[in-house]
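Order of the sequence lines fixes the chain letters, A, B, ..., with proteins taken first and strands second; residue numbering starts at 1 for each chain.
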Amino acid sequence: MLDIKLIRDNPEAVRDKLALRGDGYDITEIVELDRQQRDLETQRSQLQARSNEIGKAIGQKIKSGSDPKGEEIQSLKAEGNQVKTQLSDLEPQEKELKAQLETLLLNLPNLPSDSTPIGKDETENVEIRRWGDEHKPQNEKILPHWDIAEKMGILAVDRAVKVAQSRFVALLGAGAALERALISFMLDRQIAAGYTEVIPPFLINSASLQATGQLPKFAEESFKCDSDDLWLTPTAEVPLTNLYRDEILTSDELPIYHCAYTPCFRREAGSYGKDTRGLIRLHQFNKVELVKVVRPATSEDEHQSLVRDAEAILQALKLPYRVIELCTGDLGFGANKCYDLEVWLPASGTYREISSCSNFGDFQARRGNVRFKEKGKKGTQYAHTLNGSGLAIGRTMAAVLENYQLPDNTIRVPEVLQPYLGREVL
RNA sequence: GGAGAGGUGGCCGAGCGGUUUAAGGCGCAGCACUGGAAAUGCUGUUUAGGGGCAACUCUAACGAGGGUUCGAAUCCCUCCCUCUCCGCCA
């Protein structure tokens, strides 16, 4: 959520920044509603003050022996009633304005950072660096990961669809073992890099989803448990960031680094027909996520190191990848700056997103009321939140199945995974 | 799921219709005392919004939301959460 004071004081600057994301964001109504709301608030609090005076005066007069039925008190009561009538007229108006304002603000995306490249859509994203060209497999007859997996008997698609529906899979035998090895490996690495592991709830309430930005705008992307105010987690970003919702942290608690393995559930609405085969786009997938809660002054550096922590996994697995910086037109709703890591998938000859590392600034902290207090300083400040995949497991599995494929339809196990799997070939 | 008890400031805990402007304690910070410390004393110690250049000032908040009243932490209703016992359960 953007700071209403920022919008109030610099509407033009906010407008210009939002325009970099594309059309359709208008703050005119927000500015106007804010003005009306403050007018009403001033009136209301003056009436309230008078009402408090009257209440206090009656109390004192009764205490000092006045007749509660006497004329003096009766006329005060009459005035109290009159004030109350006026208040009961203003209050609902102000409430309504506040609710409208809140809705508009919740639907407004974050402002892109000054350093985010300007562009209209994904075609104008910027490649920052590339790693591991020397590890790209030279074999030209590499099977897509779904073919090799079915040949190996480690992936059951049709049977999983029978159990759930399309875009669900089951892993068997070495497939399940590889998935589990990847999870353990990634967690171990990120813990060694300084992240504290968390196993959070996988069902999440609405307030949490609103804080991180999935609600209200993107309700159709998540699975909801109908009879409860609970949703299946779309990413561990939500439960991890929300651990600190409505808290005032002390400055020595920051920075907070968390990593977590969770399954992730997404409806993938609007992507019918896209990536229908394999492990790329599923309603349920596993992910190891990184989340940071930091001081504002450090968040840009923390963002860079977060990206490096995610990259370290790809490097350890010797999977070729590139780092893309998203342009203003492709930036996610809550991010002010974002890098995607894209892994090389040789069967299709493309790079595919395997991690997305975003800096949210105080956008989520404001929605979720995550604040901290600097020792010796007055008042509180919003923390900055960041997160990134470290990494998406299913897509990593796909990348391993393709980049480590051997001509005899077996898979060489990446060196760093061998201790987890106890073998060199699957 | 059944029965009961609760939810008050950073923490403990009193208050159960009117100087509560939330007692008292603990903790924390500053000052005094001290060679230094402990102990002691004094002072201070929430958050958010509005107005003001500022000093300051008004409003709101006692789990959440409604209601009764001139006035609600206190009474009524709904919901959420915690604890205890019983049942069920990995």
For A:D34 and B:G49, what is the distance between atoms CG and P respectively, to the nearest whole Å?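 Spelled out: CG on A:D34 to P on B:G49 is 12 Å.
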Check the phosphate of B:G50 against A:R44, side-chain N and O only, distance under 4.0 Å to OP1 or OP2. Yes or no? no
Start with the C-alpha gap between A:R8 and A:D3, add the side-chain angles, then the distance that decides, and say whether salt bridge (charged side-chain N to carboxylate O under 4.0 Å, His left out) holds. CA-CA 9 Å; A:R8 187 186 297 156; A:D3 184 358; over 6 Å; no
Would you mind reading off the distance between A:E91 atom CD and B:A60 atom P, rounded to a whole angstrom?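 Interatomic distance, CD of A:E91 to P of B:A60: 10 Å.
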Using a cut-off of less than 4.0 Å, is there contact between a side-chain N or O of A:R8 and OP1 or OP2 of B:G49? no
What interatomic distance, in whole Å, is found between C1' of B:C77 and the corresponding atom of B:G24? 34 Å
Hey, does A:K5 reach any base, or is it just sugar-phosphate, or nothing, if we go heavy atoms under 4.0 Å?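 Sugar-phosphate, no base atom in range.
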Under 4.0 Å, heavy atoms only, any strand: does A:I58 hit a base, just the sugar-phosphate, or nothing?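 Counting heavy atoms under 4.0 Å across all strands, the contact made by A:I58 includes a base.
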Both distances under 3.5 Å, Watson-Crick or G-U wobble: report the partner of B:C28, or none.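 WC or wobble partner is B:G44.
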Under 4.0 Å between any heavy atoms, over every strand shown, what does A:Q48 touch: base, sugar-phosphate, or nothing? Just pick one.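 Sugar-phosphate only.
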Using the P atoms only, state how far B:C79 lies from B:A3, rounded to an integer number of Å. 14 Å
Distance-only side-chain donor-acceptor flag, A:S299 / A:E302, under 3.5 Å: no
Between A:T380 and B:A48, does any side-chain N or O lie under 4.0 Å from OP1 or OP2? yes
Separation of B:A60 C1' from A:L47 CG (nearest whole Å): 15 Å
Applying the side chain to side chain donor-acceptor pair (under 3.5 Å) criterion to A:Y321, which one of A:R352, A:Q315, A:E342 satisfies it?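 One option only clears the test, and that one is A:Q315.
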One should read off an interatomic distance between A:R21 CZ and A:F333 CZ, to the nearest 0.5 angstrom, of 8.0 Å
Just N and O in the side chain of A:N52: are any of them under 4.0 Å from OP1 or OP2 of B:G71?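 Checking B:G71 against A:N52, no side-chain N or O comes under 4.0 Å of OP1 or OP2.
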Does A:K84 have a side-chain nitrogen or oxygen under 4.0 Å from the phosphate oxygens OP1 or OP2 of B:G71? yes
For B:A23, what is the paired nucleotide under Watson-Crick or G-U wobble rules, both distances under 3.5 Å?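 None - no nucleotide pairs with B:A23, as no candidate has both distances under 3.5 Å.
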